[in-house]
Amino acid sequence: MIVIIGGINMDLVLHVPRMPHPGETLSGGQFQTIPGGKGANQAVACARLSADTVKVAMIACLGDDVFGVALRSALRSDGIDDTHVSTIKGVASGVASILVDANGQNSIVLAAGANDALSPAHIDAARTLMAQSQIVVLQLETPLPTIRHAIKLAHDLGKVVVLNPAPAQTLPTDLLAQVQYLIPNEIEAAMLAGLPEASLDNDAAIDAAIAKLRAGGSDNLLITLGAKGVYAALSSGSVHFAAQPVTAIDTTAAGDTFIGGFVAALAEGRSEADAIAFAQRAAALSVARIGAQTSIPYRHEVEA
Ligand code: ADP
């Protein structure tokens, strides 16, 4: 079993001719509600990409509103165990309000809502579930004290802990030392290593970031580099894996798909190199499609 601990949001996507000025009212175009949040996206990616024998469960919080109902049913429709997805009374579900202009540029406002209610008590209540799992996956869209508590519990239970340190922030080294696989993108890796943003555009900068993160206790690092693929600094050695060549249409959820694919492959005992190759094939399919959860491919599509 794979357990994902993280955020669930409803993405409220409104297409506009251009971004409105303060105080201005604009007429928008198409409006869509799309299930999202990094935790939910990664859970969906794990569910769609893992073997039939591997179960996927989430530990998370939803609000007691219509979005909460819709988000729960989206998880269930992908076969995800929602026993430990709690509904928080009197609180709104997490939302991401997204404006997309005619050039495809977007502006996003996040309201964490119920995601902020995920507490160490919720983690403790799911201890049996975590004990039954092989791999525990986390991101940074829920409160840090809860993430700390969950990583420590998973580590103490002897589980493989995968952390996607997104959205970017710095983290204490004692926490990173309990993580088996740290999977940042370039911006997150630079932030964690204390380097200026966009400084990972050459091999020397990547090496410097890896050296810093290694010194901080991260044994296995997978830095995703967008169209440039993945740089894997593993305890078994460092390798650059080129991305699958595709025409990118929308890179939303590329990272989430990569993580889901990597974890799904690890859960069935594949090697790290095989898992990275499988995850990159899945991520490449996702960038050739529009949306977040709508773009995450199924296992049979990746195999084909
Ligand atoms: P994030 O979405 O978290 O910023 P990245 O942009 O680094 O993550 O993308 C994650 C992975 O998705 C990459 O390592 C790569 O495998 C795949 N990917 C992303 N963009 C492209 C692209 N343009 N072409 C092919 N693969 C891509």
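Along the sequence shown, residues carry numbers from 1. Counting convention: from 1, in listed order, for ligands and their atoms alike. Source: prediction; values computed, not measured.
- Lys228 and Glu186 are joined by a salt bridge, as a carboxylate oxygen and a charged side-chain nitrogen come within less than 4.0 angstrom of each other.
- Between Arg299 and Glu268, at least one side-chain N (NZ, or NE/NH1/NH2) sits under 4.0 Å from a carboxylate O, which counts as a salt bridge.
- Note on Asp81 versus Lys55: no salt bridge recorded, every NZ/NE/NH1/NH2 to OD/OE distance being 4.0 Å or above.
- Ion pairing of Glu24 with Arg18 is present here, as a side-chain N (NZ or NE/NH1/NH2) and a carboxylate O approach within less than 4.0 Å.
- The contact shell of ligand 1, taken as protein residues with any non-hydrogen atom closer than 4.0 angstrom, comprises Asn185, Thr224, Leu225, Gly226, Ala227, Gly229, Val230, Ala243, Gln244, Val246, Ala248, Ala254, Gly255, Gln280, Ala283, Val287.
- Taking the charged nitrogens against the carboxylate oxygens, Asp174 and Arg148 do have a contact shorter than 4.0 Å, which makes a salt bridge.
- Note: Phe262 and Tyr181 meet the aromatic proximity criterion, with ring centroids under 6.0 Å apart.
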